[in-house]
Protein chains: 2
Amino acid sequence: MRIRTPADLGTLIRSTRKKLQLDQSTLAKKIGVSRLWLVEIEKGKPRAEIGLVLRTLDALGISLNATPPESQSLNRPGSTVDIDRIVATAREPRK
Amino acid sequence: MRIRTPADLGTLIRSTRKKLQLDQSTLAKKIGVSRLWLVEIEKGKPRAEIGLVLRTLDALGISLNATPPESQSLNRPGSTVDIDRIVATAREPRK
DNA sequence: TAGCAAAGTAAGCGAACGCTTACAACTCGA
DNA sequence: TCGAGTTGTAAGCGTTCGCTTACTTTGCTA
């Protein structure tokens, strides 16, 4: 599935955890984080550490693949990247 | 390319930025972060915010796709997830 | 319905975040 | 070689992190 937001990641992590029939305490212990951290992540916490998120995906056996822009344009004629539009939806105020 | 660590992301972001012929100040301004933040990210800062990292990928036109464990086992017979090994390489001490 | 396990919420701590400003070092083209 | 542009490093600020501990709420099975 396509990952665009922290909420996408949270949903993916939660659904995969449930599929593997793990509870939050068990997974948290295996990753090496607190159960509270996992609760926040599954809810889509935007400011969590990228390193911990990648370890969580690793612990669940989820692999992450990045596709650079030129591969996309080759695969999808007419698909362009609107950088200015992305910047227009500027980072939401903190808190 | 497969993303496993914050350093993988940093390398990808830097090489894509150079391919698009953008300098750090220009990209940082478009993302809505400081140039210093981008410097740290390209060096593989493990504790950066996941939300800002996803926006950076978005700004560069890089798409991220997650593959759950069962898809992998279907596609790659014999491929197993060693959760215990992952936990064994526990999170490095902070700082 | 009841009880247990799992998940959600809250508070306060020490540590690190991303920021701005300033400057040093590097790269590259003329 | 020189100079402009780019990148790297540093300090201190206000804010937020992830943690532990404790408790509440929810979900599910008997």
Side-chain angles (χ1 to χ4, degrees), chain A residues 3-62 83 86-95, chain B residues 3 5-60 62 83 86-95:
Chain A
I3 299 295
R4 284 188 173 84
T5 66
D8 289 341
L9 278 169
T11 300
L12 173 66
I13 287 167
R14 186 186 181 88
S15 63
T16 305
R17 175 177 64 82
K18 284 183 173 287
K19 261 181 194 160
L20 297 175
Q21 290 180 338
L22 297 169
D23 62 49
Q24 289 179 334
S25 294
T26 302
L27 178 58
K29 192 172 284 182
K30 285 180 179 295
I31 300 167
V33 295
S34 72
R35 184 180 66 82
L36 278 304
W37 184 86
L38 196 48
V39 171
E40 297 293 321
I41 280 302
E42 291 187 353
K43 282 161 61 181
K45 187 185 179 75
R47 304 184 60 179
E49 289 181 24
I50 178 66
L52 294 181
V53 173
L54 290 173
R55 280 160 59 129
T56 303
L57 296 175
D58 225 4
L60 289 167
I62 296 168
I83 290 188
I86 290 167
V87 174
T89 56
R91 185 186 354 159
E92 286 143 43
R94 305 304 247 286
K95 194 179 179 66
Chain B
I3 300 295
T5 66
D8 288 342
L9 278 169
T11 299
L12 173 67
I13 287 168
R14 186 184 183 89
S15 62
T16 306
R17 175 176 64 82
K18 284 185 175 285
K19 261 181 193 159
L20 297 174
Q21 290 180 340
L22 298 167
D23 62 48
Q24 287 178 336
S25 295
T26 302
L27 180 56
K29 190 172 285 181
K30 284 181 182 293
I31 300 166
V33 295
S34 71
R35 184 179 65 82
L36 278 306
W37 185 85
L38 195 49
V39 171
E40 297 293 322
I41 280 300
E42 292 189 352
K43 283 160 61 182
K45 187 185 180 76
R47 302 183 62 179
E49 288 182 26
I50 179 65
L52 293 182
V53 172
L54 289 173
R55 280 159 63 128
T56 303
L57 296 176
D58 225 4
L60 289 167
I62 296 168
I83 290 187
I86 289 167
V87 174
T89 57
R91 188 190 347 164
E92 287 142 44
R94 302 309 243 283
K95 196 179 181 64

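Every chain is numbered from 1, with letters handed out A, B, ... down the list of sequences. None of these values were measured; they are calculated from a predicted model.
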When rounded to the nearest 0.5 angstrom, what is the spacing between CG in B:L12 and CG in B:L57?
6.5 Å
Specify the closest pair of heavy atoms between A:P46 and A:P6, including all atoms of both residues, with the distance to one decimal.
CA-CG, 3.7 Å
Would you say a side-chain N or O of A:R14 is under 4.0 Å from OP1 or OP2 of C:dA6?
no
When you measure from the side chain of A:R17 to the backbone N and O of A:L22, does any donor-acceptor pair fall under 3.5 Å?
yes
For B:Q24 and D:dG8, is the shortest distance between a side-chain N/O and OP1 or OP2 below 4.0 Å?
yes
Whole-Å distance between C:dT20 C1' and B:K29 NZ?
14 Å
Taking the nucleotide of DNA chain D with the nearest heavy atom to each, does B:E42 or A:W37 sit closer to the 5' end?
B:E42
Kindly say if B:K45 contacts the phosphate of C:dG18, meaning a side-chain N or O under 4.0 Å from OP1 or OP2.
yes
Expressed as a whole number of angstroms, how long is the span from A:L20:CG to C:dA6:P?
16 Å
Figure out the CD1/P separation between A:I13 and C:dA7, and round it to whole Å.
14 Å
Just the rounded figure in Å: distance from C1' of C:dA6 to CG of A:L27.
14 Å
What does the list of N/O pairs under 3.5 Å between the protein and nucleotides 9-14 of chain C look like, with a distance for each?
from  : atom 1 : to    : atom 2 : distance (Å)
C:dT9 : OP2    : A:K43 : NZ     : 2.6

Nearest listed nucleotide, side chain of B:E49, among D:dC17, C:dG18, C:dA16
C:dG18
Can you tell which of C:dC19, D:dG8, D:dT16 lies closest to the side chain of B:V33?
C:dC19
Side-chain heavy atoms of A:R14 within contact of A:K43, under 4.5 Å
no
Checking contacts here: which listed nucleotide (C:dC17, D:dC17, D:dT7) is nearest the side-chain heavy atoms of B:K18?
D:dT7
Return the nearest nucleotide to the side chain of A:S34; candidates are C:dC17, D:dC19, D:dG8.
D:dC19
Please check this pair: side chain of A:R55 against backbone of A:I31, looking for a donor-acceptor N/O pair closer than 3.5 Å.
yes
Nearest to side-chain heavy atoms of B:A48, which nucleotide of D:dG8, C:dG18, D:dC19:
C:dG18
What is the separation between atom CD1 on B:I31 and atom P on C:dG18, rounded to the nearest whole Å?
12 Å
A:V39 vs A:R35 side-chain heavy atoms within contact, under 4.5 Å:
yes
Rounded to whole angstroms, how far apart are CG on A:D23 and P on C:dG8?
12 Å
Are A:L54 and B:L9 side-chain neighbours, meaning at least one heavy-atom pair lies under 4.5 Å?
yes
Options D:dG18, C:dG18, D:dT7, nucleotide nearest the side-chain atoms of A:L52:
D:dG18
